[in-house]
Asks: 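I have a structure here, written as structure tokens, and I will follow up with some questions on it.
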Amino acid sequence: MKTRAAVLTGYHRPFEIREIDLDEPRAGEVLLTMSAAGLCHSDLHMVDGDNVVRFPIVGGHEAAGIVEQVGPGVTRVAPGDHVVCSFTPACGTCRYCSTGKQNLCNSGATILEGSMPDGTFRMHDPELGDIGGFCMLGAFSERATVSELSCVKVDDWLPLDKAVLVGCGVPTGWGSAVNAGGVRPGDTVVVYGLGGVGMNAVQGAAHAGAKYVICVDPVEFKRKTALDFGATHVFATAEEAATATRELTWGEGADQAICVVGVMTEQVVTDAFNVIGKGSTVVVTGVANPADLTVHVSGSDMVFNQKTIKGTLFGSSNPQHDIIRMLRLYDAGQLKLDELITRTYTLDQINEGYQDLRDGTIIRGVIDFTLGA
Ligand code: PAD
Ligand code: ZN
């Protein structure tokens, strides 16, 4: 069968909308009609060379859709089910899945290559050959054949064009504060970067009872928006945030610093390391080119002040549980999703959407496949 998809053929090239061939689902696989896909910065990293991937690849890893067809042996979902995809699959039985670390599931080994776990591809083109799907999904496509391990069935009354955000940005940010940072009532948290992921670190920190959520972003629109998500103080620079943190904590420093800037730098991690106090934690969520060594700190400072620096993938969530948990919080009016979406786009407008992300004019953009349909 055919699908229209946004394909990347190499670094520093725009997404190309092409009609490509899509395979039927094989054993354990599912054909999805895509409803919505979020514009996360991680897809832009493939354009800019900060995510090292195999080309050609269909971007998109924040996905929601409806099951059109299932392959042999599929048990998690059935035709007609509404699904939010997890950008890391979860088999449920590997060492990581069975110890509460589904985000690290062994079946996710090929998420950057974009193949299925067995190394084969479901999208093809006579000119381009085999085409990967980023994070085993390739959500910037009207239809996608994905593993059932990537699918989480969700309540069918939820709007998929909002629920899509719990496929990556919301649990990643929320979990960076709550799971990886371990924010507790009364803590002081500093968040660097207020995009579609960072805004949810703010939301998560506030949810967990932080006394102060101190935020840094150079873009005024992001800082203003953060105040609606639970930020108590917002600053354009890390220096201003550091001064305020010292004053607000009587010199003790922050309990957590969450680094969620678009492209991680040594400066941000160093600022975060310096802003936290004794026994406290820096969480690194944002990504940079893997060749860039972004963590350079004093080991003695780390020892004598017992500081921790940790990375987090998917906010250290268990997607099969946390995607549902986030949506139940949304349904109960306790988690903001609608307010994260600044603009929606058609698939053909994808490059415009990513230009808006670069320009700082959107928190999250969403491709709505039902627009103009
Ligand atoms: P985004 O581009 O929407 O937001 C990034 C924000 O950072 C923007 O508001 C910028 O203005 C701001 N910013 C840039 N430089 C600085 C700085 N020096 N100090 C403070 N703020 C700054 O991106 P996003 O929210 O979609 O993604 C953020 C990062 O998280 C990005 O690197 C992405 O690849 C990564 C990510 N990680 C995971 C994971 O599992 N670890 C998942 C999803 C996304
Ligand atoms: Zn993402």
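Counting starts at 1 for both ligands and their atoms, following the listed order. This one's a predicted model, so the numbers in the text were calculated from it and none came from an experiment.
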Asks: Do the non-hydrogen side-chain atoms of M199 and K336 ever get within less than 4.5 Å of each other?
Replies: no

Asks: Does a donor on one side chain and an acceptor on the other come within less than 3.5 Å for T249 and T188?
Replies: no

Asks: Nearest to atom 19 (N) of ligand 1, what protein heavy atom do you find, and at what distance?
Replies: V261 CG1, 3.6 Å

Asks: For D43 and Y354, work out which heavy atoms get closest and say how close.
Replies: CB-OH, 3.1 Å

Asks: Looking at the Zn ion (ligand 2), which N/O/S atom of H61 is the nearest one?
Replies: NE2

Asks: Take R325 and D322, measure what salt bridge (Lys or Arg N to Asp or Glu O under 4.0 Å) needs, and give me the verdict at the end.
Replies: CA-CA 5 Å; R325 175 157 76 135; D322 281 304; 2.9 Å; yes

Asks: What are the two closest non-hydrogen atoms of A231 and V202, and how far apart are they?
Replies: N-CG1, 3.5 Å

Asks: Look at atom 43 (C) of ligand 1 and say which protein heavy atom is nearest, naming residue and atom and giving the distance to 0.1 Å.
Replies: C168 SG, 3.3 Å

Asks: So if I count the atoms of ligand 1 from 1 in the order they appear, which ones are less than 4.0 Å from some heavy atom of L313?
Replies: 40 (O)

Asks: Between ligand 1 and R364, can you find any atom pair, the residue atom being a heavy atom, that is separated by under 4.0 Å?
Replies: yes

Asks: With a cutoff of 4.0 Å, is G196 in contact with ligand 1, counting heavy atoms of the residue only?
Replies: yes

Asks: Quick one: look up the protein heavy atom nearest atom 4 (O) of ligand 1 and list residue, atom name and how far away it is.
Replies: G195 CA, 3.2 Å

